[in-house]
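Right, one structure below, let's go through it.
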Amino acid sequence: MQIEFLGTGAGSPSKSRNVSSLALRLLEERNAIWLFDVGEATQHQILNTTIRPRKIEKIFITHLHGDHIFGLPGLLSSRSFQGGTEPLTIYGPVGIKEYVQTSLRISESRLSYPIKFVEITDDGELFSDQTFTVYAKHLDHKIACFGYRVVEHDHPGELRVDKLRALGIPSGPIYGQIKQGKIVTLDDGTVLNGQDFIGQPQKGRIVAILGDTRKTKNAVELAQDADVLVHESTFGKGEAKLAHNYYHSTSVQAANIAKKAHVHLLLLNHISARYVGKTANDLAYQVRDIFPNTKVVRDFSIYDIPFKNKGGE
Ligand SMILES: [Zn+2]
């Protein structure tokens with residue numbers, strides 16, 4: 001599981017930062033990519049990565065401002081042109097369906113795959129399957145905006161084959177029963193408790209990816225105990241008033257949320273063009289006393305999200 005940033009700038013593109021988009025790379029977990037926001041030229045950014053558009057399984061849109069959605073029609077068309085046939089689901093605020101369908105209809109674009117739209121109105125669980133559950137909650141922006149909490153389900157412990165072999169138990173159907181944690185009796189009368197032969201379960205990872213927002217308690221709830229929180233920092237220290245007026249956040253507000261929510265790593269994105277080059281790093285430096293594990297991300301940065309504990313021990 002990795003996060004790859006495709007666009008990390010606020011509002012309009014600059015030479016060093018494209019507009020908002022990031023990819024949650026779930027290639028090992030489900031052979032898929034999930035995109036969060038698709039600002040203009042996201043597909044051009046993708047050309048500089050190893051991401052293949054047909055692997056994009058889900059797209060989560062935080063809100064309908066142009067710098068977060070103007071790249072959608074082009075990306076969707078290219079995915080089709082490149083032979084994508086797998087269905088795609090797009091989640092987002094009410095209006096996302098009309099926006100995409102209208103763009104495609106007027107440009108007479110036909111897609112080779114079906115799109116399922118899920119328009120969000122209420123806070124709560126958005127989607128759940130074998131491996132992941134995703135929640136959405138309202139944020140506080142000028143238009144309806146959502147933050148997402150991606151929760152990976154815990155992985156059950158692995159069967160300790162080494163331990164079974166050490167006891168001279170040959171592999172066979174009995175391994176399956178032991179793996180289920182059952183109590184089994186061997187031919188020679190030995191009783192084994194399956195639980196003794198299963199490694200530690202691996203705790204699933206949690207990632208919170210937020211859209212544009214003022215400081216809001218929903219951000220803390222979305223980020224609770226997350227391994228990674230991606231939070232906007234359109235403004236810096238001492239600019240809380242400006243941030244409030246423009247429905248955005250400061251680096252200090254983001255850091256306070258990360259601290260309150262006990263997250264492990266805070267990644268600041270949606271960086272204003274006023275913070276050019278290395279001065280953007282000041283946004284993280286400003287909050288080193290509040291939340292030291294803070295990074296200002298750049299386009300094409302990739303962050304690995306490791307498991308907290310290794311199973312099987
Ligand atoms: Zn924005």
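We count ligands from 1, going down the list as the structure has it; atoms in each ligand are counted the same way. We number each residue from 1, following the sequence as shown.
Taking the six-membered ring where the residue is Trp, H63 and H68 present tilted rings, their angle falling between 30° and 60°.
Ring to ring, W34 and F132 are close: their centroids are under 6.0 angstrom apart. H138 and F146 have their aromatic ring centers within a separation under 6.0 angstrom.
Stacking of K163 on the aromatic ring of F197 is recorded, both the 6.0 Å distance cut-off and the 45° axial limit being met. Both the sub-6.0 Å distance and the 45° axial angle are satisfied by K58 relative to the ring of F127.
Counting only protein N, O or S atoms closer than 2.8 Å to the Zn ion (ligand 1) gives 4.
With hydrogens and angles disregarded, a donor-acceptor distance shorter than 3.5 Å links the side chain of R79 to the backbone of P53.
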